[in-house]
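Residue indices begin at 1 and follow the sequence shown.
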Amino acid sequence: KRHIDKQASICDRTDNLALLQMLLAVLRGAHFAHWTSHWQVKGENFYGDHEMMDNIYNTLIEEIDTLAEKIVGTYGGEAVNAVEQAQIMANHLLPLAEAHSMNNPIRRALLIEEGLQVIFRNTYDMLKEQGGLTLGMDDFIMSMANTHETNLYLLRRRCED
């Protein structure tokens with residue numbers, strides 16, 4: 001069994017725990033950004049955009065909770081450190097999405113959903129390669145990817161207007 005340096009930043013590690021912690025931080029960051037987009041939409045399509053963002057950010061709550069419980073069940077409560085999660089969201093994820101969104105909440109949501117697909121694929125592939133992909137985690141990541149592909153469809157259609 002490989003030694004895990006839990007003192008190193010999550011961003012600098014590639015062990016199974018770090019991969020899951022990073023995925024959790026990304027989901028939490030997506031929730032925060034989508035919730036903000038929900039408040040910021042405006043214009044002719046306000047009501048539809050407001051409801052779409054409501055649906056997207058509320059779906060993330062169950063995903064976040066399930067992943068956090070899987071992490072705690074395997075690695076213990078200290079593995080879901082709130083400060084580490086907030087630092088990753090504030091220093092890595094949210095500024096990147098904001099910088100490329102051009103102050104457009106729908107564009108921000110689209111960029112985040114595109115990024116989630118990359119994160120799902122990379123997390124899945126790395127867990128599988130390292131032998132850390134249980135059947136339940138396989139199903140969970142696939143299910144999230146499927147749900148967020150639907151979000152991508154809706155957001156891409158909305159951006160065609």
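- The shortest side-chain heavy-atom distance between Cys159 and Ile106 falls under the 4.5 Å cut-off.
- The two residues Gly132 and Asn16 make their nearest non-hydrogen contact at CA-ND2, 3.3 Å.
- A continuous path of Ile, Leu, Val, Met, Phe, Trp and Tyr side chains, each step under 4.5 Å between heavy atoms, connects Val72 with Ile141, placing both in one hydrophobic cluster.
- Annotation: side chain of Thr59 is not in contact with side chain of His34 (no heavy-atom distance under 4.5 Å).
- Hydrophobic clustering (side-chain heavy atoms under 4.5 Å, transitive across Ile, Leu, Val, Met, Phe, Trp, Tyr) groups Tyr75 together with Met126.
- Nearest heavy-atom pair across Leu24 and Val80 is CD2-CG1, 3.8 Å.
- The two residues Ala79 and Leu17 have their closest heavy-atom pair at CB-CD1, 3.8 Å.
- Across all their heavy atoms, Pro105 and Ser37 have their closest contact at O-OG, 3.1 Å.
- Of the inter-residue distances, the one linking His148 atom NE2 with Phe120 atom CZ reads 4.0 Å to the nearest 0.5 angstrom.
- Atom-to-atom distance recorded for Asp15:CG and Gln130:CD is 7.5 Å, nearest 0.5 angstrom.
- Open room surrounds CG on Asn103; 12 or fewer heavy atoms of other groups in view lie less than 6.0 Å from it.
- Side-chain contact between Leu116 and Leu27: present, with at least one pair of heavy atoms (C-beta onward) separated by less than 4.5 Å.
- Listed for the His38 side chain is a donor-acceptor partner under 3.5 Å among the backbone atoms of His50.
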Test log, rule side chain to side chain contact (heavy atoms under 4.5 Å, CB included), inputs Leu155 and Ile56: CA-CA 10 Å; Leu155 289 163; Ile56 291 172; 4.2 Å; yes
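- The cluster map of Ile, Leu, Val, Met, Phe, Trp and Tyr, joined by side-chain heavy atoms under 4.5 Å apart, puts Tyr153 and Met52 in the same cluster.
- Remark: side-chain polar atoms of Asn91 are paired, donor with acceptor, to backbone N or O of Gln87 under 3.5 angstrom.
- Put simply, the side chain of Met144 does not reach to within 4.5 Å of the side chain of Glu62, judged on heavy atoms.
- Nearest approach of Ala25 to Ile88, heavy atoms of both residues: CB-CG2, 3.7 Å.
- Between the side chain of His31 and the backbone N or O of Leu60 there is no donor-acceptor pair closer than 3.5 Å.
- The backbone N or O of Lys70 lies less than 3.5 Å from a partner atom in the side chain of Thr74, making a donor-acceptor pair.
- Side-chain contact between Glu113 and Arg108 is absent, with no heavy-atom pair separated by less than 4.5 Å.
- With sequence neighbours excluded, no residue satisfies salt bridge (Lys or Arg N to Asp or Glu O under 4.0 Å) with Asp65.
- Side chain of Gln85 to main chain of Arg28: no donor-acceptor pair is present (N/O by atom type, distance under 3.5 Å, no hydrogens or angles).
- Closest approach of Glu149 to Gln117, counting heavy atoms only: N-NE2, 3.4 Å.
- Within the model, atoms CG of Leu133 and CG of Asp138 stand 4.5 Å from one another, a figure rounded to the nearest 0.5 Å.
- Of the inter-residue distances, the one linking Ile112 atom CD1 with Ile119 atom CD1 reads 11.5 Å to the nearest 0.5 angstrom.
- Taking 4.5 Å as the limit, some side-chain heavy atom of Leu111 sits within range of a side-chain heavy atom of Glu114.
- Tested against Asp49 for a side chain to side chain donor-acceptor pair (under 3.5 Å), the candidates Gln40, Arg158, Lys42 yield a single pass: Arg158.
- Interatomic distance, CD of Glu129 versus CG of Asp125, reported as 8.0 Å (0.5 Å rounding).
- Residues Phe32 and Ile61 do not share a hydrophobic cluster, defined by chaining ILVMFWY side chains whose heavy atoms lie under 4.5 Å apart.
- Hydrophobic clustering (ILVMFWY, side-chain heavy atoms < 4.5 Å, transitive): Phe46 and Tyr57 are in distinct clusters.
- Distance alone, capped at 3.5 Å, is enough to place a donor-acceptor pair between the Asn81 side chain and the Glu84 backbone.
- Using a 4.5 Å cut-off on side-chain heavy atoms (C-beta onward), Thr123 and Met22 make no contact.
- Once rounded to the nearest 0.5 Å, the distance linking OG1 of Thr147 with CG of Leu152 reads 11.5 Å.
- Side chains of Leu127 and Thr134 form no contact here, defined as non-hydrogen atoms less than 4.5 Å apart.
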Under the side chain to side chain contact (heavy atoms under 4.5 Å, CB included) criterion, do Met142 and Tyr124 qualify, and how do the steps go? CA-CA 8 Å; Met142 293 287 188; Tyr124 182 91; 3.5 Å; yes
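- Taking a 6.0 Å sphere around CZ of Phe140, one finds it holds more than 12 heavy atoms contributed by other residues, nucleotides or ligands.
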